[in-house]
Amino acid sequence: MSLFRDLLGQVVVGGGDPDTFICKIKNTNSDTVTPYIAFPVRSAYSDIPSITVAIETSTGQSQTLTITGTDLTTKNDTATFSLGRIDYFSNVSMDQDETATVTIYSYSRKFPSFSFQSSNAAVSYAKPNGLVYEAVTPLPVFIDGYCGGIFCGSLMTSLPENLFQYGKSIETLGYTFSYTELTTVPEGLFRGLVNVEKLENLFYRSFKLTSVPAGLFRDMHNVTVILNIFQDCTSLTTIPSGLFEGMTNVTTLNSLFSGSSITELPEGLFNGMTKVTRLTYALKDCSKLTTVPATLFSGMTKVTNLYGLFMSCTNLTSIPAGLFDGMTEVTDLGWMFWNCKNLTSIPEGLFNGMTKVVSISTLFNSCLKLTTIPAGLFSGMTEVTNASNVFRACTSLTTIPSDVFEGMTNVTNLSYSFYGCTSLTTIPEGLFSGMSKVIDLTSCFSDCSALTSIPEGLFNGMTKVTDLKELFFGCQSLTTVPVGLFDDTTEAANLSGMFGSCTSLASIPEGLLRNLTKANNFTQCFAQVQASAIHPNIFCNEATEKATRFANVTALSFSTCFYGLKGTVAGTAPALWEYTYNSTPKKTKCFNNNSTTTLSNYNDIPTEWIS
């Protein structure tokens, strides 16, 4: 997080000496303010013998502050500036449009990072405090190599090329030009900054920046980390192919152009960046991007993390075949195409060779126009453990290939994997074959409103599943449930909402839940299904097992289990009020909103099981 959030102004750089920094400030607020200088607190600043800060206003007010290196190792006003230290020019009050010249002197020629702010209360990144900041001399030498948000929040529209004349010692540029009014950047702005190792939020939210020159970072051969440098630059539409020329030591690229307005990416953008291991959120929220070059990531064979790479690229319509060829070290594909709502297809073999992937969570979540999944899409991904939300809300998806999860024997989480696939009509047999380690099936097919049937043996071998919550909740076209569907899921405890709101479900086999002896949460389990589906032997054979079925189960809940049954053909309620329990179960509204029209034995049900 930047420490320098309120700097406004136009930079005008002249000459100067590296032991003196001169700048001008101007109050553009409508009220009178007290200016102050803000510093981060760092142990490295103890090496500064002292710095002197002198201010003189256009109305003749003046004050001089002396700040020692020891002062800069301790926070002094956390209420106003929780991240560091502030020193007020308490003898100075600046009216609207009043200006002042500030001179900072350090005989050691090494300065801490600093910024100028004011006592105006309406301070935020989005709404700077109106204290215009105008540099007169080039930036000084920063003692710890950190050049923070010096101009963060500035109204500057352009930058001089010699701004970093004394910047060879800089190792980190963080938030330096974020929230500015910059429209362009000079090609030689960073010339000579050969010791920079990290670029963080460099032009973050500079909303008017329209272009950047090729070779902007040409001298920065030692940079290893690039974070969010053009994030939310909403006017940035094009990127030159040589932007990262010479940056061959980079290992992390995160949120590079996230939220920008780029429409296309040049081939060769990442040429030479063969050491990159993390390529996360790089193009997130690039809502105007429509295509991607097939060779965009050529040579990036060490990448392990692609999390959120194209997340919410809402106009991306296709993915080129071979886009990820050679990326055999990748372990995380989570959220990569989330909300790519105009993506219509996935090329076969897209993930070929990615045998080390452990997460495909939310990979194609909310790809609203995706109609099909290629067979063998995840072939070879035997290490995957998390497949939750993978095709969630793919509302145009009509079918699932039976082998989509083939070989993924280590998956433990399938929760929400097809949740909200409202066009899906069938589930293929053997879809989960071999997935014996799955623990969580929460809402796996919830709100698949067009689903009409479930194949027999769908969950065979899934002996470790503990959560079946809302598994088929809201599957309004589902009419039947196959015999023995849950025979193997004997560890399941949470069945809440499992078939809730399956308003067409008219047939439930006897003993459907008989083997689920550890289940204790049946809240809304069969709420709003067809009454004709309800019969006494759903949980067990009532003739012989009422005394034993729940005798060893604790923390039982049947609340709203059979709430609001549908239809005019009455079923028969299980006589749960006659069962033997380890402790008193929750039963609020278990059979509420029913009558003799929906349950033939409704009049036998005790009031506490209804109200």
Side-chain angles (χ1 to χ4, degrees), residues 237-244 253-258 260-274 276-357 359-360 362-381 390-391 394 396-397 401 404:
T237 57
T238 60
I239 301 297
S241 60
L243 180 61
F244 300 117
L253 290 170
N254 182 75
S255 295
L256 276 181
F257 307 108
S258 177
S260 71
S261 295
I262 56 174
T263 57
E264 59 182 1
L265 295 165
E267 292 192 17
L269 178 62
F270 301 120
N271 278 0
M273 303 182 87
T274 58
V276 172
T277 59
R278 180 183 172 193
L279 189 58
T280 51
Y281 298 115
L283 300 163
K284 175 179 176 285
D285 294 326
C286 290
S287 59
K288 296 185 179 180
L289 184 67
T290 57
T291 60
V292 180
T295 59
L296 183 63
F297 305 122
S298 290
M300 302 179 87
T301 58
K302 294 184 179 180
V303 172
T304 62
N305 196 339
L306 291 173
Y307 191 94
L309 178 58
F310 295 101
M311 185 176 177
S312 208
C313 288
T314 52
N315 275 305
L316 187 67
T317 57
S318 62
I319 307 166
L323 180 63
F324 303 118
D325 282 1
M327 288 187 163
T328 57
E329 299 298 313
V330 172
T331 60
D332 197 342
L333 295 174
W335 294 76
M336 186 159 64
F337 294 103
W338 177 81
N339 198 36
C340 290
K341 59 185 181 182
N342 280 302
L343 185 66
T344 58
S345 62
I346 305 168
E348 291 187 13
L350 180 64
F351 304 121
N352 281 357
M354 290 190 174
T355 58
K356 297 181 180 181
V357 172
S359 177
I360 56 172
T362 321
L363 177 55
F364 294 103
N365 186 339
S366 298
C367 290
L368 306 183
K369 293 187 178 180
L370 187 66
T371 57
T372 59
I373 303 168
L377 178 63
F378 304 124
S379 179
M381 290 190 184
V390 61
F391 295 106
C394 291
S396 299
L397 187 66
V404 70

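- Rounded to the nearest 0.5 angstrom, Ile373 CD1 and Glu348 CD are separated by 13.0 Å.
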> Taking it one step at a time, do Val292 and Phe310 satisfy side-chain contact (heavy atoms from CB on, under 4.5 Å)?
Replying inline: CA-CA 10 Å; Val292 180; Phe310 295 101; 3.6 Å; yes

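- Test Asn305, Thr355, Val303 against Val330 for side-chain contact (heavy atoms from CB on, under 4.5 Å) and you get one pass: Val303.
- Classification of the Trp335-Tyr307 ring pair by plane angle, with boundaries at 30° and 60°, yields tilted.
- In this structure Phe257 satisfies the ring-ring contact (aromatic ring centres under 6.0 Å, His included) test together with Phe230, sequence neighbours excluded.
- Among residues two or more places apart in sequence or in another chain, the side-chain hydrogen bond (donor to acceptor under 3.5 Å, both in side chains) test is passed with Tyr281 by none.
- Residues Asn342 and Lys369 bring a donor and an acceptor atom of their side chains to less than 3.5 Å of each other.
- The CG atom of Asp285 sits 4.5 Å away from atom OG of Ser258, with the distance rounded to the nearest 0.5 Å.
- Ring-plane geometry between Phe391 and Phe378 is classed as tilted, the angle between the planes lying from 30 to 60 degrees on a 0 to 90 degree scale.
- Taking CG of Leu363 as the start and CG of Leu309 as the end, the distance is 11.0 Å to the nearest 0.5 Å.
- Applying the side-chain contact (heavy atoms from CB on, under 4.5 Å) test to Lys341 and every residue at least two apart in sequence or in another chain returns Thr314, Asn339, Leu368.
- The shortest side-chain heavy-atom distance between Thr328 and Thr301 does not fall under the 4.5 Å cut-off.
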> Given the rule in the side-chain hydrogen bond (donor to acceptor under 3.5 Å, both in side chains) test, do Asn315 and Thr290 qualify, once you have shown the distances and angles that lead to the verdict?
Replying inline: CA-CA 5 Å; Asn315 275 305; Thr290 57; over 6 Å; no

